[in-house]
Amino acid sequence: MGKLLICDNVTKRFGGLVAVNRVSVEVSRGELLGLIGPNGSGKTTLVNLISGVLAPDEGRVLFEGRDITKLKPHERVALGISRIFQGMRVYPYLPVYYNVELSARSVFKDAKLARSKTIWALTTTKLLAETLELPANLTPYKIKMVELARALVTNPKLVLLDEPFAGLSPEEVSEVIEIVRKLNGNGLTFIIVEHKLRYLMKIVGRVVVLNEGRKIFDGAPSEAVNNEEVSRVYFGVV
Amino acid sequence: MSKLVFAKPSKIKKVRKLLPSLAVVAIYLALPIMGLSGFWIDVLTRVNIFLLITLSLDLYSGTTLYLNLGVPFTVGASAYAIALLNRYLGIPVEYAILPSAAISAVLSFAIFIPSLRVRGAYFSILSLLLPIILAGLVTSQPFSLYLGGEGGISYPPLFFSYARTLPARERLFFLSASYFYISAAVAIVAYVICYKVAYSDFGFMMRSIGQDELLAEASGIDTFRVKLVGFTASSFLSAVAGALYAAMRPPVTADVFIPANTLVPSLTAVILGGMGTVVGPAIANHLTLITYEVLWGVLGRWRIILYMCLLIVLVLLRPQGFVFYLYLRLKRAVSTKISRLFEGA
């Protein structure tokens, strides 16, 4: 099966700090990839480079074989890359419905199609009862669902989830995992950045570990746990 | 639930809902023939024209929260375009209104396009500088030789050639009434278009930029294109206001570039009305400008100080505006009464 996403030696610098240092990652279609590492290791920066929020200083990003390095975020969404941000990020003064529908309308020119996609995304994330609510009236879990619905509504091929379990109870994390597994079972590809490893390791098929902007591990979750360097930098085992 | 989202009110309900608004508009339009004095007809004409600037500000700045302080540039450019087309090409103001508005909108588009790429306060700072530069150019040599300098450019106002054929006592009423109805018609059309746009998908895209531009971009919205289209439409409205005002009130002077004259009344209306709501700023535009004129008779020159202090207090007490919320309350009360009337019948 062809690679869906290839990050080819991407580098991002912020002044003197090298946030991502010649990182290469390949993601296959239908894969569920975990992206882990200590704070400041470059995970979110890498997600920003893939989604187009940041442009790399060096290297290329290929999506379905096409060089998308210079494409803007909205152009990447149209190609099939969507994301949710770290923390809660929704439009605070728009009802749930419009939070989701706006993304659909930006991709689908047909209003009816956009509406049906919105209803599908709201159904998948179990938000139909809250369509007219403002985000301020929602629980953190429901806000996460709004973000997920917004990411799903554009008919993506790759979804980037930046800390989707943060601030959620174990039961809520299980519900998120259930939705992700179901969508992944239907062929949707995910890259998940997460600190809650006990949940992440259960669902991903492969993990990439970053440290100080460099890739230090790429392999199965069980191997990552036993890897000496990963244990040292991430789990604090000397 | 999906039915709840997409359920459309029946036509009868729609008309019933519109009845109070239509009645207010009908009374407003009947004012000149109901014996309103020439002074007040002129005031209302000015208020109608300011409504275009208010709507222009609300449509772009009220939704995207990019505060466009360059409105005086657009208004002034179209006003000077009218005067210059008349003076140097001999085009009567009747035919110069739309071309002047188009020239000004294109100028604004070309000049402001680089500033649309910057985010936040930088846009406002850049937009504020342009009118000041233009006001300086108009009054400085060698440009002042062609642009009239401090005294401005004079020309025959709109419909003047026809008004001259009327008896003297009818002339003033004709000019006042025709200006009022033209400005009111343009304002009503502009209001309906702005309302439709502000509550369309495109309007919500503009609002999404105001609420979180990075999120909007990462959600698939081409934020630059949305800002560009919104800004151009908004500029065209301001440009029409400038052209209409200049056509009705010669001469055109550099005063038109001064924000206190052209921007502050509309900006106040947008803030007091409730940014991005369209209805609120439109009502606030009329309330504040008419109140300002009423205060003249009561307080004379003190009105400026009192009026500004009052506005400061209102903005501090309720920065999100209050007119829109008062309007909603009033509308609900009136709708309930009308529904009861219909049910009783």
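Order of the sequence lines fixes the chain letters, A, B, ..., with proteins taken first and strands second; residue numbering starts at 1 for each chain.
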Supply the atom-to-atom distance [X] [atom1] to [Y] [atom2], rounded to the nearest 0.5 angstrom.
{"X": "B:L215", "Y": "A:Y91", "atom1": "CG", "atom2": "OH", "value": "4.0 Å"}
{"X": "A:L94", "Y": "B:R207", "atom1": "CG", "atom2": "CZ", "value": "7.5 Å"}
{"X": "B:S219", "Y": "A:R83", "atom1": "OG", "atom2": "CZ", "value": "10.0 Å"}
{"X": "A:E75", "Y": "B:E217", "atom1": "CD", "atom2": "CD", "value": "8.5 Å"}

Can you tell which part of [X] gets under 4.5 Å to a heavy atom of chain B, answering side chain, backbone, both or neither?
{"X": "A:R105", "value": "both"}
{"X": "A:Y93", "value": "both"}
{"X": "A:E101", "value": "side chain"}
{"X": "A:Y98", "value": "side chain"}

- request: Would you mind telling me which of A:S82, A:P73, A:A78 has the largest number of heavy-atom pairs within less than 4.5 Å of chain B?
  value: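 Greatest number of close heavy-atom pairs with chain B: A:P73.
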Which of A:T118, A:V77, A:L102 touches chain B most, by non-hydrogen pairs under 4.5 Å: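 Ranked by contacts with chain B, first place is A:L102.
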- request: Would you please go through residues 272-284 of chain B and name the residues with a non-hydrogen atom below 4.5 Å from one of chain A, in numerical order?
  value: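 The stretch does not come within 4.5 Å of chain A.
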- request: Look at atom NZ of A:K196 and say whether more than 12 heavy atoms of other residues, nucleotides or ligands are closer to it than 6.0 Å.
  value: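 Yes, the 6.0 Å shell around NZ holds more than 12 heavy atoms from other groups.
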field: chain A interface, residue from B:V226, B:D212, B:I221, B:D222 that has the most non-hydrogen pairs under 4.5 Å
entry: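 Sorted descending by pairs with chain A, the first entry is B:D222.
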query: With chain A, which of B:G210, B:S208, B:A218 has the greatest number of heavy-atom pairs at distances under 4.5 Å?
result: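 The option with the most such pairs is B:S208.
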